[in-house]
Amino acid sequence: MVFISVQDAIEKGKGIVSLRGWCYRERKSNKLAFIVLRDSSNIIQCVVDKENVSQKVWDDANKVCIETALSVDGEIFEDKRAPTGFELRVKNLNIIHVAERYPITKDQSTEFLLDQRHLWIRSRELTNVWKVKAVILEACREFFAKKGYYETTPPIITGSSCEGGSTLFELKYFDEKAFLSQSAQLYLEALIFSLEKVWALTPSFRAEPSKTSRHLTEYWHLEAEAAWLDFENLLKFEEELISHICQTVAKKCANELKILGRNPDDLLKIKPPFPRITYDEALKILEKDGMKIEWGKDLRTEEEEQVMKHYDKPLLVTQYPKKIKAFYMKDDPMNDKVVLCCDVLAPEGYGEIVGSSERETDLEIIKNKLVAQGENPEHYAWYLDLRRFGSVPHAGFGLGVERVVRWLCKLETIRDAIPFPRTIKRKYP
Ligand code: ATP
Ligand code: MG
């Protein structure tokens, strides 16, 4: 027996087919059983008519309950009333496993659904999110390959921090302390001296203390670093990558996006050039809108949201004050109070999706910056070596995969952009 997918059966539109999957919904009467069958591709209504099947098939059809695994054979017919426009008239039905009573029913609380996450990830909405996410990752891989970047495998267990001590997860490492990586950046910087253009997709861990709709404690971080890349070309690269992701997802996932409430045309519009403003200009926009921010303060979520009300494409916000940015960012040669960095903010209030900068190349300047931030340069000895042996201009960025998924899929919270979200309150299941 050759099974085809539900989607292929719908596309075929007629003929005899064999399908297998799980019961998504069911309804029974004395004469008819309606079983909506779900597989990874789609759902289809299967109709069992007591008159046209054996007693065994009819009895089995009556045992089918939500999430029962089964296979069916029958003929496909177009039927406008069916949920996906076609139905299968069942000739034969084979139960593979009768499910117990499924705990998930309509209108359950968020917390309950998170407790049942191992089951809830099968839902139609989340299944579509996973598909979009897979295509986003595929688009990134394709983009880096086209640009001649090597995929690399930096470590997850580290002996030092990258984004500051307050969000570090500590772990017992035999008789010593180690930390979970917050970013692969420092290691990617080391790798450019070997491969010049590198990227990696790794989990990053941050002990984010507050509950927000855009922070996870474990997220997938797509990072790239390139020798000889200057600030202007870094920004161009980011624009092209984001646009490539949006174009690919709009084309390959049009149906998934529609089910999620996102019009694919919104994404087709995301093409370079993106608007660019400096941090100073952002403050001016905010002041005009009645939100006065003291120069030197970081932009908080509500301020980013306010700025984004003026834009419908991703926005590049550049040149933040040096004192609120990381030690490895290069000073702006035109103004040494700010650094050559860029945050990309997603439209519609989804917030920061990319953080990036040109990196400082000078050993003494980096050491001074570390000291100014209260760090001990000795803890960064290996990293500082990179400025001792052939230091060259370079730049890079980090993109939060779940932030992008959340934006493209129009999700209320970042938790739904990852199958098993980890947050301050949750590490189970
Ligand atoms: P935020 O200000 O939103 O906390 P950040 O400045 O700490 O972000 P970076 O250190 O620049 O972020 O990290 C690079 C990218 O990783 C961010 O642009 C974002 O897309 C993503 N990111 C950062 N922290 C998280 C998190 N806790 N959960 C999910 N994604 C994150
Ligand atoms: Mg942060």
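For ligands, and for the atoms within them, numbers begin at 1 and follow the listed sequence.
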Heteroatom proximity flag, Ile414 to ligand 1, N/O under 3.5 Å: no
State whether the shortest distance between N or O atoms of Leu399 and N or O atoms of ligand 1 falls below 3.5 angstrom. no
Relative to the heavy atoms of [X], which atoms of ligand 1 are at a distance of less than 4.0 Å?
X	answer
Val354	18 (O)
Gly355	11 (O), 18 (O)
Gly398	14 (C), 15 (C)

Please determine if [X] and [Y] form a salt bridge, counting it only when a charged side-chain N lies under 4.0 Å from a carboxylate O.
X	Y	result
Lys146	Glu240	no
Lys369	Glu375	no
Glu303	Lys297	no
Lys367	Asp362	no

Below 4.0 Å from ligand 1: does a non-hydrogen atom of Val401 turn up there or not? no
Can Arg214 be said to touch ligand 1, with heavy atoms closer than 4.0 Å? yes
Test your reading of the model: is there a side-chain donor-acceptor pair from Glu239 to the backbone of Phe274, 3.5 Å cut-off? yes
I'd like to know if the side chain of Glu11 pairs up with that of Gln7 as donor and acceptor (distance under 3.5 Å, no hydrogens or angles considered). yes
Closest to atom 22 (N) of ligand 1 (judged by heavy-atom distance), picking from Tyr320, Tyr219, Trp220: Tyr219
Which of these, Glu352, Arg422, Glu208, Arg406, has its nearest heavy atom closest to atom 8 (O) of ligand 1? Glu352
